[in-house]
Amino acid sequence: MPVYKGMEIYVVNSKTKKIEGATNRTKIGNTLTNVNASSKMQRIVLDHKKCKCISRKHGNYLVAVTMEESVNSSSNIVAILIVGIYLTSASCLLVLMLSRALKEKYEKEKYMYTSNTDGLTKCFNRRAYDSDMEKLDLNTEWAYIFLDSNGLKQANDSLGHSAGDELICAASNCMKFAFASYGKVYRVSGDEFVVLIQESVSNIDSILQVFDVTIHDWHGKYSNSISVLYRVVKSSEQDFDSVQEISKLADERMYQNKKDYYTTSCND
């Protein structure tokens with residue numbers, strides 16, 4: 001950007017005082033400690049030269065326009081006018097750059113959220129589950145909880161899909177209430193969930209008790225109760241060859257649990 005003789009424009013991080021933008025690119029990366037946000041003309045020393053300075057603050061940045069005092073005084077009126085124009089232009093440009101950066105950040109975060117989140121329950125989805133499973137370390141302590149919500153098909157058939165959605169959302173909300181402080185909750189299929197606990201694994205029994213109480217106390221619009229079966233596998237139980245072996249063992253335990261559950265229900 002062309003500037004008036006003896007004039008420079010700087011974009012300064014107000015916290016670190018680092019110059020992040022300047023009409024003289026050699027100044028980028030240096031510090032500008034003697035400039036503060038002020039609507040009044042300041043007198044500073046810059047590179048051993050006396051300068052006049054006007055600055056404005058926008059967010060975490062200062063936009064400063066400096067002018068050497070050695071510049072011919074007969075040009076002061078023109079110079080001051082140019083300072084005002086440049087300061088306004090630079091401020092508008094900075095605001096535009098920041099708004100674009102914030103918009104891009106928001107769009108990126110929005111994409112990451114929607115691509116990894118189940119639309120109905122707002123739990124993490126299968127895509128996020130597969131990604132996180134690849135990052136697990138068998139040499140660390142963590143717990144894999146496989147959960148299955150019972151009665152979904154019956155609720156859909158007898159009361160409609162709104163009732164089924166209520167059960168799924170209720171189950172997920174109870175899971176998030178009990179487990180979210182210690183790990184992540186994933187909806188991996190229609191009525192199946194997985195929780196990966198990576199904090200306070202030694203307290204897993206008390207954490208599960210909280211979940212049991214939460215499930216027991218739930219009452220909804222279409223149903224008065226909810227049933228969720230689960231089984232737990234800890235990474236430290238035995239020498240597993242892979243994280244998939246842990247998920248397979250949890251699935252086998254759940255299958256036996258459901259078999260016992262329905263056998264008992266039929267006998268009752």
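Heavy atoms only: backbone and side chains are in, while hydrogens, waters and symmetry mates are out.
Side-chain contact check for Leu136 versus Trp142: some heavy-atom pair is nearer than 4.5 Å. Side-chain contact between Leu167 and Trp218 is present, with at least one heavy-atom pair separated by less than 4.5 Å. Looking at heavy atoms from C-beta onward, Tyr230 lies out of side-chain contact with Asn257 at the 4.5 angstrom threshold. Put simply, the side chain of Asn150 does not reach to within 4.5 Å of the side chain of Leu152, judged on heavy atoms. Proximity of Val12 to Thr31: side-chain heavy atoms (C-beta onward) are nowhere separated by under 4.5 Å. The closest side-chain heavy-atom distance from Ile168 to Arg187 is below 4.5 Å. The side-chain heavy atoms of Asn203 and Ser206, taken from C-beta on, include a pair separated by under 4.5 Å. In this structure the side chain of Glu141 reaches within 4.5 angstrom of the side chain of Lys234, judged on heavy atoms.
At distances below 3.5 Å, at least one donor-acceptor pair connects side-chain atoms of Thr214 with backbone N or O atoms of Val210. Remark: side-chain polar atoms of Glu199 are not paired, donor with acceptor, to backbone N or O of Ser181 under 3.5 angstrom. Remark: the backbone N or O of Ser162 is not paired with any side-chain donor or acceptor of Glu166 at under 3.5 angstrom. Looking at His219, its side chain does come within 3.5 Å of a backbone N or O of Asn224 through a donor-acceptor pair. With hydrogens and angles disregarded, no donor-acceptor distance shorter than 3.5 Å links the side chain of Asp47 to the backbone of Lys49. In this structure, the side chain of Gln198 does not engage the main chain of Tyr182 through any donor-acceptor pair within 3.5 Å.
The structure places OG1 of Thr16 at 11.0 Å from CG of Leu32, a figure rounded to the nearest 0.5 Å. Note that OH of Tyr10 is 9.0 Å distant from SG of Cys53, once rounded to the nearest 0.5 Å. Separation of atoms CG (Leu46) and SG (Cys51) is listed at 5.0 Å; rounding is to 0.5 Å. To the nearest 0.5 Å, the span separating CD1 on Ile215 from CG on Leu208 amounts to 11.5 Å. Remark: Ser202 OG to Ile204 CD1 distance equals 9.5 Å, nearest 0.5 Å. Here Glu20 contributes atom CD and Lys18 contributes atom NZ; the two are 10.0 Å apart, rounded to the nearest 0.5 Å.
A single hydrophobic cluster is not seen to contain both Val228 and Tyr222; linkage of ILVMFWY side chains at heavy-atom distances under 4.5 Å, directly or through other members, places them apart. Criterion: ILVMFWY side-chain heavy atoms under 4.5 Å apart, direct or through other members. Under it, Val232 and Phe177 are not part of a common hydrophobic cluster. In the hydrophobic clustering of this structure, Val188 does not group with Tyr255; members are Ile, Leu, Val, Met, Phe, Trp, Tyr whose side-chain heavy atoms approach within less than 4.5 Å, directly or through other members. In terms of hydrophobic clustering, with Ile, Leu, Val, Met, Phe, Trp and Tyr side chains grouped at heavy-atom distances under 4.5 Å, Leu138 and Met133 are assigned to a common cluster.
Between Ile226 and Ala171, the shortest heavy-atom contact is CD1-N, 3.5 Å. Looking at every heavy atom in both residues, Gln154 comes nearest to Ser158 through O-OG, 2.6 Å. In this structure, Ser235 and Ile246 approach most closely via the heavy-atom pair CA-CD1, 3.9 Å. Of all non-hydrogen atoms in Leu62 and Ser14, the two that sit nearest each other are CG-CB, 4.3 Å. Counting all heavy atoms, side chain and backbone alike, Lys176 lies closest to Thr121 at NZ-O, 2.8 Å. Nearest heavy atoms, Thr26 versus Asn24: OG1-OD1, 2.6 Å.
No side-chain donor from either of Asp137 and Thr140 sits under 3.5 Å from a side-chain acceptor of the other.
Under the 30°/60° scheme for interplanar angles, the aromatic rings of Tyr186 and Tyr129 are found to stand perpendicular.
The six-membered or imidazole ring of Phe211 lies near that of Phe179, with a centre-to-centre distance under 6.0 Å.
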Step by step, would you call Glu8 with Lys27 a side-chain contact (heavy atoms from CB on, under 4.5 Å)?
-> CA-CA 10 Å; Glu8 297 289 349; Lys27 303 292 185 182; over 6 Å; no

side-chain contact (heavy atoms from CB on, under 4.5 Å) between Leu120 and Cys169, worked out | CA-CA 7 Å; Leu120 177 63; Cys169 291; 3.7 Å; yes

Please test Tyr144 against Val194 for side-chain contact (heavy atoms from CB on, under 4.5 Å), starting from the C-alpha separation and ending with a verdict.
-> CA-CA 7 Å; Tyr144 184 104; Val194 169; 3.4 Å; yes

Yes or no on side-chain contact (heavy atoms from CB on, under 4.5 Å) for Ser247 and Phe146, after CA distance, side-chain angles and deciding distance?
-> CA-CA 8 Å; Ser247 65; Phe146 187 32; over 6 Å; no

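The 12-atom threshold is not exceeded at NZ of Lys50, counting heavy atoms of other residues, nucleotides or ligands nearer than 6.0 Å. Summarising the local packing, CG of Asp239 is surrounded by 12 or fewer heavy atoms from other residues, nucleotides or ligands at distances under 6.0 Å.
Asp118 and Lys122 are not joined by a salt bridge, as no carboxylate oxygen comes within less than 4.0 angstrom of a charged side-chain nitrogen. For Glu237 and Arg253, the salt-bridge test passes: some basic side-chain N is under 4.0 Å from an acidic carboxylate O.
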